[in-house]
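Okay, so here's the structure we're looking at.
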Amino acid sequence: MTTQTITLDITGMSCANCSATIEDTLNDLDGVDDASANYATDEATVEYDATAVSLAELYDAIDDAGYGAVSETVRIGITDMSCANCADTNAEALEALPGVIEADVNYATDEAQVRYNPAAATIDTFYDAIENAGYEPVRDDGDDSGDTDARDAAREGEIRKQLRLTLFGAVLSAPLLVFLADKFLLGGAVVPDSVFGVELGWIEFLLATPVQLVLGRPFYSNSYDALVKNRRANMDVLIALGSTTAYTYSIAVLAGLIAGSLYFDTAALILVFITLGNYLEARSKGQAGDALRELLEMEADTATVITDDGEEEIPLDDVEVGDRMKVRPGEQIPTDGVVVDGQSAVDESMVTGESVPVEKTEGDEVVGSTINENGVLTVEATKVGSDTALQQIVQTVKEAQSRQPDIQNVADRISAYFVPIVIANAVLWGLLWFFLPETLANFVAWLPLWDPVAGGSTVVGGTVSVFEFAVIVFASAVLIACPCALGLATPAATMVGTTIGAQNGVLFKGGDILERAKDVDTVVFDKTGTLTEGEMELTDVVAFDGESEAIADGGQLAEREARGEDDVLRLAASAERGSEHPLARAIVEGAEERGIELGDPEDFENVPGQGIRATVEDREVLVGNRKLLSGNGIDTEPAAETMERLESEGKTAMLVAIAGDLAGVVADADTVKPSAKEAVSALQARAIDVMMITGDNERTARAVAKDVGIDPDNVRAGVLPEDKSDAVEAIQSEGRKAMMVGDGVNDAPALAVAYVGTAIGSGTDVAIEAADVTLMRDDPLDVVKAIRISAATLQKIKQNLVWALGYNTAMIPLASLGLLQPVLAAGAMAISSVSVLTNSLLFRRYSPETDYKLLGRLR
């Protein structure tokens with residue numbers, strides 16, 4: 001039993017009952033010995049058995065109870081990782097630290113992402129844990145940009161190091177390669193047995209030994225750390241075993257201890273080929289992240305700030321929120337802001353993927369690092385530093401790359417057991433060939449493996465002894481089956497896929513989301529602001545007949561006043577001035593455009609899902625739906641025909657009652673987005689059901705659905721914002737995997753419960769917590785783009801896995817049967833990893849907008 005005590009900073013507590021709820025929630029968990037929460041200090045102290053319940057489970061329980069526990073996330077670069085097993089080792093070392101909630105280590109990006117309790121853990125302890133595990137953390141000074149620079153410098157340093165080692169080994173191994181070619185291809189006819197009186201064997205020893213010591217040193221060191229410190233085998237163990245076997249066997253032969261051939265050339269070339277593979281792999285990893293780095297490099301270096309004394313050019317880091325900047329034609333907009341003066345077209349393609357420049361005028365938001373095409377703009381800075389859209393995009397993509405798809409779990413499980421199995425297989429076949437050579441030779445008599453007359457193998461060039469052949473089999477079987485390619489298959493493709501998404505204005509919260517999006521079989525669109533522009537306009541005002549009629553008014557008879565359209569609109573718009581709802585704003589703006597003078601409402605009340613109630617000019621005014629008026633005893637039947645006509649035209653019609661009297665109808669309309677119909681059609685072409693949820697009435701909703709091509713039976717109308725999540729859950733209860741597409745604010749609960757929640761962003765608000773996917777543009781066609789990127793990425797992952805697993809499946813039997821020289825096995829192994837990375841890098845050419853041929857194969 002490992003008992004730990006930890007203090008958590010709690011958010012969301014508002015009373016003593018909250019602290020009691022948290023205590024009960026934590027104490028109900030198996031493994032928690034005692035939990036106490038203090039409302040006054042906003043803290044909880046938990047004593048728990050770390051072997052029975054994890055810190056992550058404590059955080060999840062607090063979150064499920066409706067509260068939060070403070071945590072922070074840090075990314076740490078790690079060098080010297082050689083395979084997926086190394087990533088697992090680092091993850092385990094980090095998660096074993098007190099205060100660490102979870103750690104994800106990505107071999108493809110050479111990076112760890114650690115979520116931790118800042119009250120119980122520090123970054124320095126993470127560095128120490130990584131070093132103790134035998135790896136090198138990239139230390140930084142806490143600045144994000146410095147952190148990125150440090151990791152880039154570390155990666156460049158690793159590339160240079162591997163290149164130097166490769167060149168060193170290649171120079172010394174070149175003569176050995178000549179000797180090897182002479183032995184195999186020319187039968188020893190060119191290279192003499194001695195040079196200047198020195199036997200060829202000793203020359204090979206002198207050439208191979210520096211290679212073994214210099215190039216082999218990292219593999220020996222890492223093997224020691226893996227076996228002794230971490231008690232698990234990794235790729236370095238396989239390489240160290242293979243090269244050492246060939247080297248020590250050759251020394252034994254050279255010293256006359258045993259009879260046989262020399263394999264100094266094999267020992268040296270194994271290390272050269274593997275080191276060359278490491279160099280190419282390091283370069284490929286760097287290229288996979290180039291697009292993200294290029295995005296950051298597009299930031300402006302300086303900004304022209306308007307001051308009281310005129311204009312001053314200052315470094316971008318010195319710009320503060322509220323500063324006004326002048327942006328001339330052709331210049332980059334330095335940071336996120338709002339246009340306060342000027343008009344121009346802005347190229348936002350590097351953020352949204354949209355190639356057509358966007359017109360900007362006073363009041364419009366602009367994104368930092370985008371290009372001002374023409375006209376001079378004065379921009380007031382609203383976000384700077386790490387808060388800008390560009391930095392948020394990079395942050396989101398990096399976090400996505402650290403969260404791997406579920407398919408990676410399969411590869412990780414295979415890799416975890418792969419190395420021990422490979423070693424056991426090599427030992428087994430080495431022993432079988434040593435003790436039962438003729439039996440095995442007869443079993444595979446169709447292969448030219450064994451010469452019964454000579455009593456040895458002929459496959460490796462000349463007859464060799466039983467022991468020598470067993471050594472060759474062992475070394476080849478160890479070297480051929482490295483899990484590198486398997487460990488790279490998923491993260492390399494995910495890294496490229498998430499970057500492609502960012503370049504096209506589609507941000508996935510994690511690799512798991514990237515994997516999940518392709519499985520969506522139902523897309524549920526919110527109507528307003530998603531399929532429609534979300535900018536309502538007043539279209540109709542209808543005033544009902546105001547003929548004289550005696551009505552009760554305070555116990556006295558009064559004449560109903562005759563009201564025209566302007567009167568109805570004036571009172572309705574005056575009442576709606578108290579509301580911020582888009583429908584209300586459209587009514588107010590419509591009245592102002594007609595030159596109608598409006599008053600201020602009194603006793604304003606918003607009735608959720610129904611409308612508003614207010615007092616205007618001493619009269620009660622109601623503006624809303626049938627339910628609002630009926631609930632206040634007003635007969636809506638006289639307006640039925642008018643309401644049906646307007647709603648069938650796709651308009652949102654609202655009843656107006658004045659002083660208890662049905663006075664008229666006002667109607668707003670929202671324009672359907674130009675790409676909405678194309679998006680629906682493209683989704684349906686993929687056999688995806690398209691549905692719509694809206695708070696609008698049935699007729700209006702069906703009219704919009706008909707316009708964009710959605711089946712009327714797939715419309716859910718009259719759904720209040722708080723009920724949308726229930727509607728999505730009801731859809732998914734039918735066994736559907738639904739993607740909910742909304743604005744990320746009113747639709748947050750629905751986005752959270754959906755199989756994939758997709759928020760359409762504004763171009764700057766890119767960190768919507770409830771959503772799994774954020775679309776930078778307000779374009780429903782980008783939903784199709786997200787699904788295409790998901791499907792294409794998963795296809796690339798499967799290609800990589802097939803290549804990696806197929807390679808091992810084919811090569812292990814060949815090596816076990818003695819059909820491969822160890823040096824060829826090492827070369828093939830290095831090529832396999834590079835091939836997987838190259839295949840992933842080729843994926844960078846993929847375009848979700850133009851690759852319709854690929855789309856057809858992915859349906």
Side-chain angles (χ1 to χ4, degrees), residues 180-181 183-185 233 235 237-250 253 258-263 265-267 269-270 273-274 277 414 417-486 802-833 835:
L180 185 67
K183 180 168 64 175
F184 275 94
L185 302 179
M235 183 202 82
V237 174
L238 298 181
I239 295 168
L241 267 177
S243 63
T244 303
T245 299
Y247 183 74
T248 54
Y249 177 85
S250 299
V253 171
I258 58 175
S261 302
L262 299 178
Y263 293 93
D265 45 15
T266 296
L269 289 171
I270 285 171
F273 283 146
I274 298 298
I414 295 174
Y417 298 103
F418 202 73
V419 174
I421 292 174
V422 166
I423 294 174
N425 175 76
V427 171
L428 173 65
W429 281 96
L431 292 174
L432 287 175
W433 278 111
F434 180 73
F435 289 109
L436 303 171
E438 294 185 5
T439 303
L440 290 178
N442 291 330
F443 182 71
V444 287
W446 50 277
L447 289 173
L449 288 172
W450 201 259
D451 184 352
V453 177
S457 171
T458 57
V459 75
V460 292
T463 303
V464 297
S465 68
V466 171
F467 177 68
E468 187 172 343
F469 186 65
V471 170
I472 291 171
V473 169
F474 173 80
S476 299
V478 162
L479 289 166
I480 197 63
C482 179
C484 295
L486 192 62
V802 167
W803 174 261
L805 290 171
Y807 159 84
N808 282 294
T809 302
M811 292 296 185
I812 290 177
L814 293 179
S816 300
L817 292 173
L819 289 171
L820 285 177
Q821 272 275 12
V823 66
L824 298 178
M829 187 277 287
I831 291 171
S832 71
S833 297
S835 298

For the atom pair [atom1] ([X]) and [atom2] ([Y]), what is the distance rounded to the nearest 0.5 Å?
X	Y	atom1	atom2	value
I258	S250	CD1	OG	8.5 Å
I270	D265	CD1	CG	9.5 Å
Y249	I472	OH	CD1	7.0 Å
L269	I274	CG	CD1	11.0 Å
I421	L428	CD1	CG	12.5 Å
T266	F273	OG1	CZ	10.0 Å

(message) For a quick test of reading the model, state the closest non-hydrogen atom pair linking N425 to A477 and the distance between them.
(response) ND2-CB, 4.2 Å
(request) Can you see which heavy atom on S243 is nearest to which on A240, and at what distance? (result) OG-O, 3.5 Å
(message) Ring-plane angle category for W433 and F469, please: parallel below 30°, perpendicular beyond 60°, tilted otherwise.
(response) perpendicular
Evaluate the side-chain proximity of [Y] to [X]: yes if any heavy-atom separation is below 4.5 Å, no if none is.
X	Y	value
Y263	V253	no
V478	T245	no
F434	F474	no

